[in-house]
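As a basis for the values below, the full set of heavy atoms in this structure was taken, side chains included, without hydrogen atoms, waters or symmetry mates. All chains are named by letter (A, B, ...) in the order of the sequence lines, taking the proteins before the strands, and each is independently numbered beginning at 1.
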There are 2 protein chains.
Amino acid sequence: MNYKFFQLPMEKQQRIINAAYKVFSKNSYKKAPMSEIADVGGVSKALLFHYFTNKLELYMFLWNSSIAQIHKASSEYRVTDTTDFFEMIHCSLLAKCSVIRSYPYLYQFAVKAYYEQEPKIKSSIQESFYAVNKSSENILWEMVDVSKFRQDIDIRLIYQELLWTSDGYLRQIILCLKNRFLILKNNLKCFVGMLQHTENHVHM
Amino acid sequence: MNYKFFQLPMEKQQRIINAAYKVFSKNSYKKAPMSEIADVGGVSKALLFHYFTNKLELYMFLWNSSIAQIHKASSEYRVTDTTDFFEMIHCSLLAKCSVIRSYPYLYQFAVKAYYEQEPKIKSSIQESFYAVNKSSENILWEMVDVSKFRQDIDIRLIYQELLWTSDGYLRQIILCLKNRFLILKNNLKCFVGMLQHTENHVHM
DNA sequence: GCCTGGATTAACCGAAACGGTCAACAGGAG
DNA sequence: CTCCTGTTGACCGTTTCGGTTAATCCAGGC
């Protein structure tokens, strides 16, 4: 990797990175063409190969960047500074939104990368993703004060349900934005209402 | 299209169709190779071109089949025979499961097809999908007896939440099946519990 | 055994796409 | 003018792809 990449204007760096996230998130590694990444990013293919020695290196760079970004956002939004289940979820949602604002395709890329079958990639990725995911979930259940909840509630099921719902809700919002539909300024308002509604029912 | 395709043994027809659903659901139209469909289906590429005149025809055949399958399952499971919101959702979930059992990649294909950008496909698909989706939702809200619900509940929001949750839950189950983890025999049991739990809270 | 006809395929073709390279170009600094 | 840095169009060898064709396989009838 050519480290002069980091001396580029920030805007250009992000444009290239986001183009790569986008193309890699829509195609498998093998079928994601470098030429398309260059086109989407508004630079020439030759320049891409000037900064990244080859396709694999670009891919692994993106992978490491995505993990770093997620970590950074989690600490910036102080996700682990509370013992309250719903406050923690709220913080991590805000963190996720901030990542998406800068890198709209980062999460889609990360999911796709996790399932990537290309042998050159598979081994190095799956273990690190699993590690990140497990550790963050472990932290969650270590920190959270479970004594607040009703006994007849399976809090892990609620957690899953909220994850799935927030995921669907975010996808819906992004879709609306893409089609340039009008939506509320505070994107999370509606979902936060849902969160509080759930909260009222599962607390003692 | 060569109608002798339908005289093939049912098992072979389904094998080919499912192979095509799978490959088209994992790649965009342009990047889904006919050769891969043939390989996955366990037949030669030449045979594929013997039954379907070209790639586009196979794709449109799959699209029409998928709509037909969804309709068929909806009527078989009598989705519109009730006015109860939760019973209707329950029925349509059972219908969806039955479709997935026969055609595991049908829904993923349908979603991908809806967003397909290839001009040859885009026009003919989006309108029909939109029509199907709108009409089925209209039927839902026409049939459902909304008087049962608490006034402070936005039932459409609940509907969305349940859709997203059931979607996530199904994905999770399919993932477990793929990795051959042990799961309960009655896949829906857990989610149905969730459904009833929601029901208790939103009814008057 | 041989013939026939439909199902199935290996081998092939021309065109396009792909990863990667390289010589050349633009333009600002000295 | 020269140098230097960032940038690119054009190119190359290889692979992939949609689609075709001639040949093969095989069951059933004689």
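- Nucleic acid contact for A/Ala32: sugar-phosphate only, since backbone atoms but no base atoms lie under 4.0 Å from a heavy atom of the residue.
- Atoms CZ (B/Phe52) and P (D/dC17) sit 20 Å apart, rounded to a whole Å.
- Computed from coordinates, the B/Glu36 CD to D/dG18 P distance equals 10 Å when rounded to whole Å.
- Salt bridge annotation for B/Glu36-B/Lys55: absent, with no cationic side-chain nitrogen under 4.0 angstrom from a carboxylate oxygen.
- The CZ-C1' distance, from A/Phe49 to D/dG6, rounds to 18 Å in whole Å.
- Distance CG (B/Asp39) to C1' (C/dT8): 15 Å, rounded to an integer number of Å.
- Across all strands, B/Tyr51 comes closer than 4.0 Å only to sugar-phosphate atoms, never to a base (heavy-atom distances).
- Here the P atom of nucleotide D/dT7 and the CD atom of A/Gln13 are 11 Å apart, to the nearest Å.
- Side-chain atoms of A/Ser124 and A/Trp63 form no donor-acceptor pair, as typed in the model, at a separation below 3.5 Å.
- Checking C/dT8, C/dA10, D/dT8 against the side-chain heavy atoms of A/Ser44 singles out D/dT8 as nearest.
- Set against C/dT9, C/dT21, C/dG20, the side chain of A/Asn54 has C/dG20 as its closest nucleotide.
- Inspection of the B/Ser147 and B/Asp145 side chains reveals an N or O donor paired with an N or O acceptor under 3.5 Å.
- Listed nucleotides: C/dA10, D/dC17, D/dG19. Nearest to the side chain of B/Ser35: D/dC17.
- Nearest nucleotide to the B/Lys55 side chain, out of C/dG19, D/dG18, C/dC22: D/dG18.
- Using a 4.0 Å heavy-atom distance criterion, B/Lys45 is classed as a base contact.
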Exercise for review: Carefully, step by step, assess A/Glu11 and A/Arg15 under the rule salt bridge (charged side-chain N to carboxylate O under 4.0 Å, His left out).
Suggested key: CA-CA 6 Å; A/Glu11 184 270 338; A/Arg15 225 176 50 220; 3.2 Å; yes

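- Ring planes of B/Phe149 and B/Phe86: tilted class, angle from 30 to 60°.
- The separation between A/Glu57 atom CD and C/dG20 atom P is 11 Å, rounded to whole Å.
- Regarding B/Tyr29, its OH atom lies at a distance of 8 Å from the P atom of D/dG18, rounded to whole Å.
- In this structure, B/Lys31 reaches the C/dC18 phosphate: one of its side-chain N or O atoms is under 4.0 Å from OP1 or OP2.
- For B/Met34 and C/dT9, the CE to P distance is 14 Å, given to the nearest whole Å.
- In this model, the phosphate group of C/dT8 is approached by a side-chain N or O of B/Lys12 to a distance below 4.0 Å at OP1 or OP2.
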